[in-house]
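All chains are named by letter (A, B, ...) in the order of the sequence lines, taking the proteins before the strands, and each is independently numbered beginning at 1. Scope of the values below: all heavy atoms of this structure, side chains included, with no hydrogens, waters or symmetry mates.
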Protein chains: 2
Amino acid sequence: MPTLAHDIKQTVPFAGPEVEAYLNLQRTADQLHRQTVELLKPHGLSSTGYNALRILRGAGPAGLPCSDVGARLVAHDPDITRLADRLAEAGLLVRDRKPGDRRVVILRISQLGLELLARLDPLTVELARRQLSHLGGAGLESLIRLLEQARHPPIASPTSPSPEKP
Amino acid sequence: MPTLAHDIKQTVPFAGPEVEAYLNLQRTADQLHRQTVELLKPHGLSSTGYNALRILRGAGPAGLPCSDVGARLVAHDPDITRLADRLAEAGLLVRDRKPGDRRVVILRISQLGLELLARLDPLTVELARRQLSHLGGAGLESLIRLLEQARHPPIASPTSPSPEKP
DNA sequence: AAACGATATTTGTTTAAACGACATTCGTGA
DNA sequence: TCACGAATGTCGTTTAAACAAATATCGTTT
């Protein structure tokens, strides 16, 4: 008779509203993300690739170093090299060495990449609307505010253990 | 002079609140998820594995078929076989054939698995609190409600294209 | 009971993410 | 100018996710 399991069993449903919110967040994000992946798949693009191309479009013809692209991605990808490999092979971006600093590689979106984004943007915008418009204007604003707030905890980076806890 | 890119550039910042909410959702979920992955890593467990074990604990000694576990996971994993392989090899669960129906494989959490969860639960709960408690009780309830609402659009599955749009 | 379709899991293969080691280049200071 | 440390990418390898095909079992019908 494992009292361990028995004790825990009691607390299973939800260990407080924070855990419930966390699980809802992951579940919802995953569900919506999968729909985006499905939308992008027939165009031969991953969601990471799509995000990278949008970042590069935002950077304009000046392009952006690999590291900057990696830092701005929603899911920080430490391996931009291979991501850029695939996008370059598909002709969606171009790679150049930075004139002043030969360490950095500048990524620029190509005309083909711009055209692909121009085709994809209406689709992803429409998808987001189908997914979320029923929350209403006030609901969306509230959700946005709460999510931003969640990403910015008041103190002490949550990854590092609290320095004292006697 | 690519007017295509130029036109789009205007609309880049955010194509409406739904897109802004979507990106915030993905960004926030990814940030919090990575912290959970970091927390679990030293214990040799992936977040999917951790979720699967919690589902099995909730199922009790009766266990649960593979397919049921897959359906209840936050990120529906179509490949439970290999997930169960790893967890079984680590001694965290046991596999049995269902007596009445030899097609289905019943997964049961082991004593070792229960003990691991008992050690991990306080850590994940504390992490969730560090991540989200600053939203406050009202904020958390509001967030939970909005996320649940987001997962349940009023009509027409968002994955299938709307049947008519002339 | 033999055959058919449905269900549940396994297996093989491709693809991408994760992690670490390595190489190149730059800036700085002896 | 030479050496040293930091910054930036690249590459090799391990691990897991994604997808399709194959296998085994069941329930039902003929």
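Residues meeting the side-chain contact (heavy atoms from CB on, under 4.5 Å) test with A:S110, sequence neighbours left out: A:V94, A:L112. Residues that satisfy the salt bridge (charged side-chain N to carboxylate O under 4.0 Å, His left out) test with A:R129, not counting sequence neighbours, are B:E18. For A:K41, the side-chain hydrogen bond (donor to acceptor under 3.5 Å, both in side chains) partners at least two apart in sequence or on another chain are A:E38.
Pairs passing the side chain to side chain donor-acceptor pair (under 3.5 Å) check and including a residue from residues 80-94 of chain A, sequence neighbours excluded, read A:D79-A:R82, A:D85-A:R95. Listed by first then second residue, pairs satisfying side chain to side chain donor-acceptor pair (under 3.5 Å) with a partner in residues 60-73 of chain A number zero, not counting sequence neighbours.
In this structure, CZ of B:R102 is placed 17 Å from C1' of C:dT10, rounded to the nearest angstrom. Atom P of nucleotide C:dT7 and atom NZ of B:K98 are separated by 15 Å, given to the nearest angstrom.
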Using atom names, set out every protein N or O paired with an N or O of nucleotides 2-5 of chain D below 3.5 Å, distance rounded to 0.1 Å.
none

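When hydrophobic residues (I, L, V, M, F, W, Y) are linked wherever their side-chain heavy atoms come within less than 4.5 Å, B:V37 remains an isolated member. Other residues sharing the hydrophobic cluster of A:I106, ordered by chain and number and joined by side-chain separations under 4.5 Å: A:V104.
Residue-level contact check: A:G100 touches the backbone only, with heavy atoms under 4.0 Å from sugar-phosphate atoms and none from bases.
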Contact pattern, 5' to 3', of nucleotides 8-20 of chain D - B, S or - by protein heavy atom under 4.0 Å: SSBBBB--SS-S-
Stepwise salt bridge (Lys or Arg N to Asp or Glu O under 4.0 Å) check, A:R119 with A:E115: CA-CA 6 Å; A:R119 260 184 292 135; A:E115 290 166 7; 5.9 Å; no
